[in-house]
Amino acid sequence: MAKIEFFRHSVDESDIERASEVLRSIFLTTGKTVDEFERDIAAYLGAQAAVGVTSCTAALHLSLLAWGIGPGDEVITTPMTFCATANAILQAGATPVFVDVEESSGNLNAELVERKITSRTRAIMPVHLYGYMCDMRRLRDIADKHKLIIIEDAAHCLEGARDGVRVGQLAEAACYSFYATKSITSGEGGAIGLHDPDKADLLRKLRSHGIDRTAADRYTAQYRHWDMSILGWKYNMDNIQAALLIGQLKRAEALRGRRNALAQRYETALAGVHGVRVHKTAPTAKHGRHLFTVLVSPEKRDGILHFLQENGVGVAVNYTAVHLLSYYRRHFGHKEGDFPMAEAIGSGTISLPLYPKLTDAEQDYVVAKVIEAVKR
Ligand SMILES: *Cc1c(COP(=O)(O)O)cnc(C)c1O
């Protein structure tokens, strides 16, 4: 039987060689390889600065702290995401306020955002679901009108653009993930892209306990005493992670190109298949193509999921709506029916394999099995 993994990363021998060079050197933690990666990714994103951290969750958490968001503050976000988005808001001590998503894309519905703004609202945290950018122009207008900041959860969308704007361009900060299944990966890792150099300095302090010197400048020159003036966290990216990412970042556009071609092949092959729907995205947008999902009837979803697995096709569910996770039900009293669009996606979605190493033949097999599964 075929075995088609849900995901295979794109780390290659040159990345391994670069990481090996770091491992053979004396300095493994945050140092000049991290500096180099930060310069590269800031240039790639068109951002003024980038700060390397240990995860996107850390990036979101620190961004909230850097803009002074904490207890008593509300942050508007989407329930159609990985729980990290809302968890980061809780970790900062603030309250996540969910707004339902667009049926067509699964992205935060800008039409509904203003209704949830109160005197406590400080920020909007949109997620570019599956790699398709939210309507950032619209969200920026709303944020400006109500004096809110925007922190993008761009874990799916390093490469994306829409309506003439790049990810991160209209936000105070954009947070990226280099987790094991993301488009470029160091196993674990994250970064914040931003425009304000003072906030970048603050974020560099916050990622290392609030200490005012990095280990590199404490130990590589003459010993200098350090101080801790604010309370930070331990979230600094290390040189090994950065070394794995530098080459992948240079290949990010080519990798996206292959994923985009595969996603378009899925769309063509599944168009008109009874019982299968795909999300609608504007063809003019540059889609990050992080995940390819199909929507099937909720009654049949788990059956189809298991059939695909039994036939050697790796699958996932992205996502069960966050407000229905038991922690959120218990602490915020959320229940079925609160955010119907997010729930409809959550109960009908299946993610199919999508990564540059997926061959056309493997994809044809996946498509054949999906068609077989929905017919049963
Ligand atoms: C993966 C992911 C995260 C968390 O990323 P980590 O680097 O694992 O912390 C956050 N938000 C979304 C939408 C994600 O998919």
Side-chain angles (χ1 to χ4, degrees), residues 6-7 9 11 34 37 41 50-65 75-92 96 98-99 101-102 105-108 123-134 136 150-160 167-168 171 173-193 203 206-207 233-238 240-242 244-245 248-249 259 279 287-293 316-323 325 328 342 345-346 349 351 354-355:
F6 177 65
F7 184 78
H9 64 71
V11 173
V34 173
F37 174 65
I41 193 169
V51 177
V53 290
T54 45
S55 69
C56 182
T57 311
L60 294 165
H61 180 194
L62 289 192
S63 298
L64 290 163
L65 298 184
V75 178
I76 289 179
T77 192
T78 166
M80 182 35 58
T81 180
F82 180 54
C83 61
T85 318
N87 287 357
I89 296 167
L90 291 173
Q91 285 160 359
F98 295 117
V99 167
V101 297
E102 300 169 347
S105 68
N107 277 338
L108 191 62
I124 305 173
M125 189 175 278
V127 176
H128 308 304
L129 192 67
Y130 311 142
Y132 180 63
M133 248 177 97
C134 296
M136 286 303 299
I150 302 180
I151 297 171
E152 292 174 48
D153 179 338
H156 295 185
C157 202
L158 176 69
E159 309 87 349
V167 169
C175 299
Y176 303 89
S177 176
F178 312 120
Y179 173 69
T181 59
K182 300 305 203 283
S183 66
I184 69 171
T185 180
S186 45
E188 303 287 349
I192 305 145
L203 285 163
L206 284 170
R207 75 176 170 187
W233 296 71
K234 187 62 170 73
Y235 284 159
N236 51 306
M237 175 180 278
D238 68 42
I240 307 164
Q241 292 170 317
L244 283 168
L245 294 166
Q248 289 181 76
L249 182 65
R259 293 196 307 277
H279 282 287
H287 196 307
R289 298 296 191 186
H290 170 54
L291 289 169
F292 188 85
T293 68
V317 170
N318 305 94
Y319 298 92
T320 298
V322 175
H323 69 283
L325 300 174
Y328 284 88
I345 295 168
T349 190
S351 303
L354 180 71
Y355 45 88

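Just follow the structure's listing: the first ligand is 1, and inside any ligand the first atom is 1.
- Ring geometry for Phe7 versus Tyr355: interplanar angle over 60°, hence perpendicular rather than tilted (30 to 60°).
- Between Phe178 and Phe37, the gap from one ring centroid to the other is short of 6.0 Å.
- If you look at Ser55 next to ligand 1, the close heavy atoms, those under 4.0 Å, come from the backbone and the side chain alike.
- Among all non-hydrogen protein atoms, the one lying nearest atom 11 (N) of ligand 1 is Asp153 OD2, 2.7 Å.
- Every heavy atom of Cys175 sits 4.0 Å or more from the atoms of ligand 1.
- Listed by number with element, the atoms of ligand 1 under 4.0 angstrom from any heavy atom of Lys182 are 1 (C), 2 (C), 14 (C), 15 (O).
- Those atoms of ligand 1 that come under 4.0 Å of a heavy atom in Tyr319, given as number and element, are 15 (O).
- Of the heavy atoms in Thr57, both backbone and side-chain atoms come closer than 4.0 Å to ligand 1.
- With a heavy-atom cut-off of 4.0 Å, Ala84 touches ligand 1 through its side chain alone.
- Listed by atom number, the atoms of ligand 1 under 4.0 Å from Thr81 heavy atoms are 13 (C).
- Atom OH of Tyr179 has 12 or fewer heavy atoms from other residues, nucleotides or ligands within 6.0 Å.
- Listed for the Tyr130 side chain is a donor-acceptor partner under 3.5 Å among the backbone atoms of Asn318.
- Shown in contact with Gly189 at under 4.0 Å from a heavy atom are these atoms of ligand 1, numbered in order with element: 7 (O).
- In this structure a side-chain-to-backbone donor-acceptor pair under 3.5 Å is missing from Glu188 to Thr54.
- Ranking protein heavy atoms by distance to atom 15 (O) of ligand 1, first place goes to His156 NE2, 2.7 Å.
- Each of Val51, Leu158, Leu245 was evaluated against Ile41; a single residue qualifies, Leu158, per the side chain to side chain contact (heavy atoms under 4.5 Å, CB included) test.
- Checking only distances, Ala58 never comes within under 3.5 Å of ligand 1, N or O to N or O.
- Atom 8 (O) of ligand 1 has Tyr179 CB, 3.7 Å as its closest protein atom, hydrogens excluded (heavy atom only).
- Taking only nitrogen or oxygen atoms, main chain and side chain alike, Glu188 does not reach within less than 3.5 Å of ligand 1.
- Side chain of Arg259 to main chain of Gly288: a donor-acceptor pair is present (N/O by atom type, distance under 3.5 Å, no hydrogens or angles).
- Between the side chain of Ser63 and the main chain of Ala59, a donor-acceptor pair closer than 3.5 Å is present.
- Side-chain atoms of Asn107 come within 3.5 Å of backbone N or O of Tyr132 as a donor-acceptor pair.
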